[in-house]
Amino acid sequence: MMNQQQSIEELEHQVRVKLNQSKIKLWLVPYTVNGEKGERPKNLVEQYSSELKTDPDTIASIIEKLRRHALHKLDAKQQFQKHGVATLKIKIAANLPQGSVDELSDLQTKLDISGLDLKKLISEKWKLKVEELKVISVGQVIDDERSLADQRVSHGSQVMVIILTENEVSANADEAKKMRLSRTKEVAEVLANRSKEDHDKYHLQIADQTGKPIDLPKEESRALSVALTLNERGRACLKRKEYGEALLVLLEADKEFNHCRSEILSAVDNYAVLCLDITWCYFCLQNIDSLPDAESRLKKCEECFKKSYGADMERLKALKGDSSRELALFVRLYLLQGIIAFYQHNKQLSIQLLHKARGILKTLEVDDEKLSHLIGMGFTTSEARLGLRAANGSLSLAVNKITDRKERRKEIAAKEREEDKKRELQRQIGKAANGQWVNIDVYNTLLSMGFPTNAAASALKQCNSDINLALQTLQENPQLLNMPEPGEWQGEITDQMLSQFCELGFLKEVARQALISYHGNVEKAIEVLVQNGGLLPSSCHRASTSKRSSTGADSLTKEQNEAIKDLVPDIPEHEEDYLDLTLHEEAEYIQEYLTKLTVMS
């Protein structure tokens, strides 16, 4: 038997469609007279009753409800036009259990009030604590300080109110009075600004779908790094079912992604996945049916997937060999699109999308025994699940897939470490006369020919990495071959040692640098300074400047280190973590909504 609430909602939709098709305006005569209920055309009620196979009293009741609703909307519109009083549609979302969807409620207010003032109005009307509220509209968290109009909130806008859980409120209090989000963003900025040369274990590397690093302009790299960090934090909150905080962090990530060019976003799937995560958040907060933002985000997600993966996943298959891992994202995408179609009363489209999601899900189902067997072999749960999906359930093929994938990651990691070493060596050697970094391959060639490291470095810097000119310079300047090897000499430099340099007219700081470079050998240091007119060869500055750059202004503060340690557990080590969806929840929701659609038929 049809659920009564679902039946009434469906009937209301069908009656509304018929009224629109017949261009019947219930707020006008004869249906409404002087704002009051007017004539109820008996023939209209009988016609709809016959066509919809429903008793006349129910149809009459629905028409009257729609008439009052139309008058209410008209009155609200006139209030806004005459007095500037807007009507907002408020939805309270407080981590509600699945199935308990609150109705939208009206709240009238001027649009020149601040976000904080709106919170206070909501607090008074629904008896809620202001400090527990987060307000979201037009796809963004409403700022407490700015006016609603400045934040694109308008008459008729839908507003979602998140009531933070006790844990989320406690977390906000523990982290300096609701500064968790700003701290997360600050840490993301710090991580984004740390370069490869810092050799920092917290440095973030942006890579394509195969794991290969992508070189981007500095500002775009920073924005993308911040966005990815925030996205990972938000996804971790989603896994912990902290939906309120997750949505706030994910929307902040969205702002950062918008600083990147569209072609950059289409080269990787991160932005599409973010849109999917945000919409999943809306759904978990029971708000997917009331925010148009959800539908537009899913559209962006699908478009981005097509650009990133190819229309038929051909680009992804060429890059990675298969597309099974990414198919899990399409299960969630089609499920959410199907649910939106359900609430839009588009039953045919909803059924089509839900069946599409279920069809893909069936191809990704994993046998629990095989999963346990692979875990027993030492593979992680994530590796085992993704491997079985890639191998269409074949245990032996899954082992090969996992092993091949791990080997490719090792190769990429090895190449990345090699590039790290080159960059570090370049940083130590410095730049050539033309301002370009010394070519490390040419430098290694000179070393293989037997030239000392400092001699090779000095010659290449003078000759702009030209190996032929460098060889000529080394032959014509044999003193370069006697330059000391670099080292961090930690011996004591006494005043007596420095006085010998001062007596010869050398600056004390230059003398100190010379003694460090030549391991306290006063005679050799003085000899080099005399030969070079009181200056040290540029390569001799390497040890001391290298040490300064790694421990000076670029180092992190205690607070930043603590914040990073709090954030790092939310950043997965495995680059395909976001693809490792169990799909248990998705399967339940697919069945739930298909059942609803069957009952409504």
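This one's a predicted model, so the numbers in the text were calculated from it and none came from an experiment.
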How long is the span from the [atom1] atom in [X] to the [atom2] atom in [Y], to the nearest 0.5 Å?
X    : Y    : atom1 : atom2 : result
K422 : I440 : NZ    : CD1   : 8.0 Å
S157 : K89  : OG    : NZ    : 11.5 Å
L285 : I92  : CG    : CD1   : 12.0 Å
L361 : L335 : CG    : CG    : 9.5 Å
T381 : L371 : OG1   : CG    : 6.0 Å
L327 : L333 : CG    : CG    : 11.5 Å

NZ/NE/NH1/NH2 to OD/OE distance under 4.0 Å, [X] and [Y]:
X    : Y    : result
R240 : E242 : yes
K134 : E252 : no
E302 : K299 : no
K596 : E592 : yes

Looking at [X] and [Y], what are the two nearest heavy atoms and their distance?
X    : Y    : result
R389 : A328 : NH1-CB, 4.0 Å
C281 : A246 : SG-CB, 3.8 Å
L597 : K347 : CD2-CG, 3.9 Å
Q151 : V141 : OE1-O, 4.0 Å
L251 : G139 : CD2-O, 3.4 Å
V161 : I90  : CG2-CG2, 3.8 Å

Treating [X] as the side-chain partner and [Y] as the backbone partner, does any N or O pair qualify as donor plus acceptor under 3.5 Å?
X    : Y    : answer
S448 : T445 : yes
R297 : C275 : no
E383 : I402 : no
S350 : G338 : yes
K370 : L388 : no

Please work out which of the three classes, parallel, tilted or perpendicular, describes the rings of Y593 and F283, given edges at 30° and 60°. tilted
Geometric class of the F330/Y334 ring pair [parallel <30°, tilted 30-60°, perpendicular >60°]: tilted
Within the 3.5 Å criterion, strictly below it, is a donor on E407 or T403 matched to an acceptor on the partner's side chain? no
Set out, in order, the CA-CA distance, both residues' side-chain angles and the distance that settles side chain to side chain contact (heavy atoms under 4.5 Å, CB included) for L336 and L276, then state yes or no. CA-CA 9 Å; L336 291 172; L276 195 60; 4.0 Å; yes
Test applied, side-chain hydrogen bond (donor to acceptor under 3.5 Å, both in side chains); reference residue, E586; option that passes from Q591, R358, R332: R332
Which of N270, D269, D277 passes side-chain hydrogen bond (donor to acceptor under 3.5 Å, both in side chains) with Y578? Answer is D269
Is there side-chain contact between [X] and [Y], with at least one heavy-atom pair below 4.5 Å?
X    : Y    : result
E232 : R235 : yes
L247 : I278 : yes
H355 : L594 : yes
K119 : I142 : no

Does the pair E411 and R408 meet the rule for a salt bridge (charged side-chain N to carboxylate O under 4.0 Å, His left out), with working shown? CA-CA 5 Å; E411 290 174 6; R408 284 198 297 271; over 6 Å; no
Before you tell me yes or no, could you show the steps for K300 and Y271 under side chain to side chain contact (heavy atoms under 4.5 Å, CB included), namely the whole-Å CA-CA distance, both residues' side-chain angles and the distance that decides it to 0.1 Å? CA-CA 9 Å; K300 289 179 186 177; Y271 186 63; 3.9 Å; yes
L250/L230 under side chain to side chain contact (heavy atoms under 4.5 Å, CB included): CA gap, chis, key distance, verdict: CA-CA 7 Å; L250 292 172; L230 292 170; over 6 Å; no
Show your working on side chain to side chain contact (heavy atoms under 4.5 Å, CB included) between V273 and L579 and close with a plain yes or no. CA-CA 10 Å; V273 174; L579 302 175; 5.9 Å; no
